[in-house]
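FYI, side chains are in, hydrogens and waters are out, and symmetry mates aren't considered; it's all heavy atoms of this structure. Numbered from 1 within each chain, the chains take letters A, B, ... in sequence-line order. Because the structure is a prediction, the values reported are computed rather than measured.
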Number of protein chains: 2
Amino acid sequence: MKVCVIGATGHINYVINGLKMVRQARLVGAAPGSPGESVEKVLMSATRQGVADELRLYGDYRDMLDQVKPDVVAIACHFGDHAKVAAEVLRRGIHLFIEKPLATTLEDLYAMRELHARFGVQLSAMFGIRYTAPFLTAWQAVQEGAVGDIRLMHAQKSYKLGTRGPSFHRRETYGGTIPWVGIHAIDWLRWFSGGTFETVYASHSTRSNRGHGELETTAACHFTMSNDVMATVSIDYLRPEHADSHGDDRIRIAGSEGVLEVVGGRVWLTNGEQSGTRELPLLPEEEIFADFIRQIRSGAAGRVSAEDAFLSTEACLMARQSADERRLVHFSERMI
Amino acid sequence: MKVCVIGATGHINYVINGLKMVRQARLVGAAPGSPGESVEKVLMSATRQGVADELRLYGDYRDMLDQVKPDVVAIACHFGDHAKVAAEVLRRGIHLFIEKPLATTLEDLYAMRELHARFGVQLSAMFGIRYTAPFLTAWQAVQEGAVGDIRLMHAQKSYKLGTRGPSFHRRETYGGTIPWVGIHAIDWLRWFSGGTFETVYASHSTRSNRGHGELETTAACHFTMSNDVMATVSIDYLRPEHADSHGDDRIRIAGSEGVLEVVGGRVWLTNGEQSGTRELPLLPEEEIFADFIRQIRSGAAGRVSAEDAFLSTEACLMARQSADERRLVHFSERMI
């Protein structure tokens with residue numbers, strides 16, 4: 001199975017780590033997806049990980065697609081270019097592993113969904129946090145009924161800002177902090193509850209962004225979901241530079257029978273007759289790209305379906321719209 | 001200074017604990033404020049704490065007010081009766097220490113504010129969590145600049161449901177979970193930031209309330225505030241009965257220079273050049289009712305002003321309105 005990479009901005013490391021585990025797939029090409037991107041770092045990383053033996057770099061990804069005819073393409077260029085590049089991949093009938101958000105406008109997203117349906121290829125997106133040990137453990141416990149019926153959720157994404165390249169400074173190329181950072185937390189809400197979104201109210205602000213142009217430093221979302229479930233999401237780039245990790249990912253899930261939390265990479269459960277709160281032993285982490293390759297080869301569903309990728313992207317774009325327009329957005333307003 | 005208590009539903013223990021510290025004030029009368037209330041438990045508690053020497057019980061609080069002519073009255077009856085009882089106290093020119101929410105309708109709240117302004121007495125409300133060691137410590141640190149400019153907040157109130165009396169089962173007597181439980185968290189947002197509310201979107205649900213009628217088990221609020229600050233609030237009665245404390249009060253405050261959190265009665269700060277997160281030593285807790293008595297005696301402002309009490313109650317009633325009507329509420333809609 002021939003794999004190509006387009007872009008060098010998102011989580012290409014997912015692809016390279018996955019390829020180490022799946023020897024039936026080989027990395028054979030890499031090309032930039034957006035102006036100014038260099039795929040040198042893809043080459044360096046692939047070399048370091050020992051998966052660069054057959055890797056060739058291309059200047060134009062369309063030439064690469066036509067010459068190499070890959071089975072699978074991974075896209076991780078500037079977020080505003082995801083949809084345009086994805087269209088070239090999908091039209092050629094190639095399976096697609098794409099960085100989130102799939103698109104930075106709803107129009108582009110719906111066009112991509114149509115193309116995907118028409119060409120019938122496999123598609124998954126880089127919701128890598130689903131595959132980490134604490135989130136997998138928490139999800140498994142919730143599926144097994146650890147909290148009963150989910151009633152209320154709160155999720156948090158907090159990152160260090162550091163110094164981010166110019167593509168993060170403009171809405172057009174960046175897409176916004178709710179779609180780039182918040183989307184993980186929004187995806188968890190769907191993933192854990194299995195519910196659908198009904199309304200979203202969101203807000204965001206560029207204050208204190210230390211010269212990062214249009215990049216929003218803070219955001220908050222409030223979703224109502226099916227079955228009278230509600231959820232809040234807190235998103236920020238305010239994690240101090242000397243904090244002991246880059247990100248501070250959390251979720252708290254309160255249900256009819258208990259409360260479960262992921263915080264600091266650990267999972268805590270309070271429920272039933274047992275007194276106090278106990279820590280759950282972690283399941284092993286999994287490799288997201290290996291899971292996608294397995295899905296293509298066996299046809300058995302992976303952990304992130306195309307529908308997951310579309311719906312979580314849609315939800316974050318509707319949340320961004322709510323924040324931009326300062327109004328409640330109903331998911332029944334969706335265009336298709 | 002003569003103190004009377006009306007009602008036996010809310011935090012009368014604040015009054016009794018405070019009286020042990022302030023010997024210039026004496027508890028001289030107690031009466032029910034709502035149908036079916038018994039003030040026997042006020043007597044028992046006052047006796048146990050050694051402040052019942054001069055306490056006399058009355059059947060009708062208006063008779064008590066007219067006969068005893070107290071200097072200060074504490075009201076803690078059914079929440080839906082707070083405003084009616086407060087009107088009798090304020091009209092007699094008596095200082096008022098009142099359980100939150102001050103009123104369960106905006107009409108009653110604005111009428112109380114007018115009466116308070118007209119009679120010029122001192123008024124404070126039972127926002128007792130402001131006086132606890134962790135919240136005082138956190139607030140002091142934030143005032144001293146520990147997080148720089150506040151940009152984003154998330155607050156949590158989570159209680160055990162247990163079995164609650166009939167007055168909690170009906171909106172008319174209970175007022176709602178946002179006004180009864182959420183009001184603390186909503187008050188913290190104003191208290192920590194010093195900002196004003198601009199909009200609120202809220203939702204709530206009675207699902208999984210184990211036979212508690214109209215009592216909402218879950219609620220979430222999303223506030224936008226002055227200076228582009230945003231805040232979410234998570235409120236529930238889903239804390240398992242075997243959890244190691246009744247409540248799980250939390251706040252996370254992210255600012256331009258750091259992040260501060262209160263969780264589990266401890267305070268954590270991440271900021272500046274210091275790496276990792278450090279725990280702050282706790283300031284001593286204070287007594288809320290003793291603070292109010294001091295305010296009356298000296299004229300120096302206590303920690304909870306009348307304006308605090310009115311504005312935090314107003315905010316929770318507007319949040320409840322948002323949840324009831326499923327729409328964004330602008331604080332500019334307020335009636336006066």
Side-chain angles (χ1 to χ4, degrees), chain A residues 147-149 151-154 156 158 199-208 210 217-224 227-245 248 250 252 254-259 263 270-277 322-323 326-328, chain B residues 147-149 151-154 156 158 199-208 210 217-224 227-245 248 250 252 254-259 263 270-277 322-323 326-328:
Chain A
V147 303
D149 293 333
R151 306 287 341 128
L152 179 68
M153 296 184 278
H154 175 69
Q156 174 183 300
S158 176
T199 63
V200 59
Y201 181 73
S203 50
H204 55 194
S205 167
T206 61
R207 299 263 190 109
S208 298
R210 301 180 191 265
T217 323
T218 52
C221 306
H222 180 152
F223 289 93
T224 62
N227 198 31
D228 240 16
V229 171
M230 59 203 81
T232 48
V233 179
S234 174
I235 305 157
D236 69 77
Y237 276 114
L238 295 171
R239 189 155 169 78
E241 295 302 321
H242 292 83
D244 50 18
S245 64
D248 186 2
R250 304 186 192 181
R252 176 180 182 268
S256 57
E257 309 297 333
V259 176
V263 54
T270 315
N271 71 356
E273 296 301 310
Q274 200 156 355
S275 70
T277 294
S322 168
R326 295 173 182 272
R327 67 176 182 90
L328 184 67
Chain B
V147 302
D149 293 332
R151 308 284 342 125
L152 179 69
M153 296 183 278
H154 176 69
Q156 174 184 300
S158 177
T199 64
V200 61
Y201 181 72
S203 50
H204 55 195
S205 168
T206 60
R207 298 264 191 109
S208 299
R210 302 179 190 265
T217 323
T218 53
C221 308
H222 180 151
F223 289 94
T224 62
N227 198 32
D228 240 16
V229 171
M230 61 204 77
T232 47
V233 179
S234 175
I235 304 157
D236 68 75
Y237 276 114
L238 296 170
R239 190 156 169 78
E241 295 301 322
H242 292 83
D244 51 17
S245 63
D248 186 3
R250 304 184 190 182
R252 175 178 182 268
S256 58
E257 310 297 333
V259 176
V263 54
T270 315
N271 71 355
E273 296 302 311
Q274 201 157 351
S275 70
T277 295
S322 168
R326 297 173 180 270
R327 67 177 181 89
L328 184 67

With respect to chain B, which residue among A:Thr217, A:Thr218, A:Asp244 yields the maximal number of heavy-atom pairs within a distance under 4.5 Å? A:Thr218
For the pair A:His222 and B:His222, name the ring-plane relationship: parallel under 30°, tilted 30 to 60°, perpendicular over 60°. parallel
Do B:Arg210 and A:Ser256 meet the criterion of a side-chain donor-acceptor pair at a distance under 3.5 Å? no
Spell out, as yes or no, whether a donor-acceptor pair under 3.5 Å connects the side chain of B:Arg207 to the backbone of A:Val229. no
Say you draw a straight line from CE of B:Met230 to SG of A:Cys221; how long is it, rounded to the nearest 0.5 Å? 10.0 Å
Tell me, do A:Arg252 and B:Gln156 make a side-chain contact under 4.5 Å, heavy atoms counted? yes
Below 4.5 Å, heavy-atom pairs only: which of A:Met153, A:Glu241, A:His204 has the largest tally toward chain B? A:His204
How long is the gap from CG on A:Leu152 to OG on B:Ser158, to the nearest 0.5 Å? 8.5 Å
Given the options A:Ser275, A:Ala202, A:Ala243, A:Ala220, which has more heavy-atom pairs under 4.5 Å with chain B than any of the others? A:Ala220
Testing the basics here: between B:Gln274 and A:His242, what is the closest heavy-atom pair and its distance to 0.1 Å? O-CB, 3.5 Å
Looking at A:Thr224, A:Thr270, A:Thr206, which has the largest count of heavy-atom pairs under 4.5 Å with chain B? A:Thr270
Does some side-chain heavy atom of B:His154 sit less than 4.5 Å from a side-chain heavy atom of A:Thr232? yes
Can you find a pair of side-chain heavy atoms, one from B:Pro240 and one from A:Val259, that are under 4.5 Å apart? yes
Heavy atoms only: give me the nearest B:Asp236-A:Ala254 pair and the separation to one decimal. OD2-CB, 4.4 Å
Considering only heavy atoms, which portion of B:Asp228 lies under 4.5 Å from any heavy atom of chain A: side chain, backbone, both, or neither? both
I'd like to verify something: which residue of B:Leu328, B:Val147, B:Asp248 has the highest number of heavy-atom pairs under 4.5 Å with chain A? B:Leu328
Is chain B contacted by the side chain of A:Thr199, its backbone, both, or neither, given a heavy-atom distance below 4.5 Å? side chain
Under a 4.5 Å heavy-atom cut-off, does chain B meet the side chain of A:Ser203, its backbone, both or neither? both
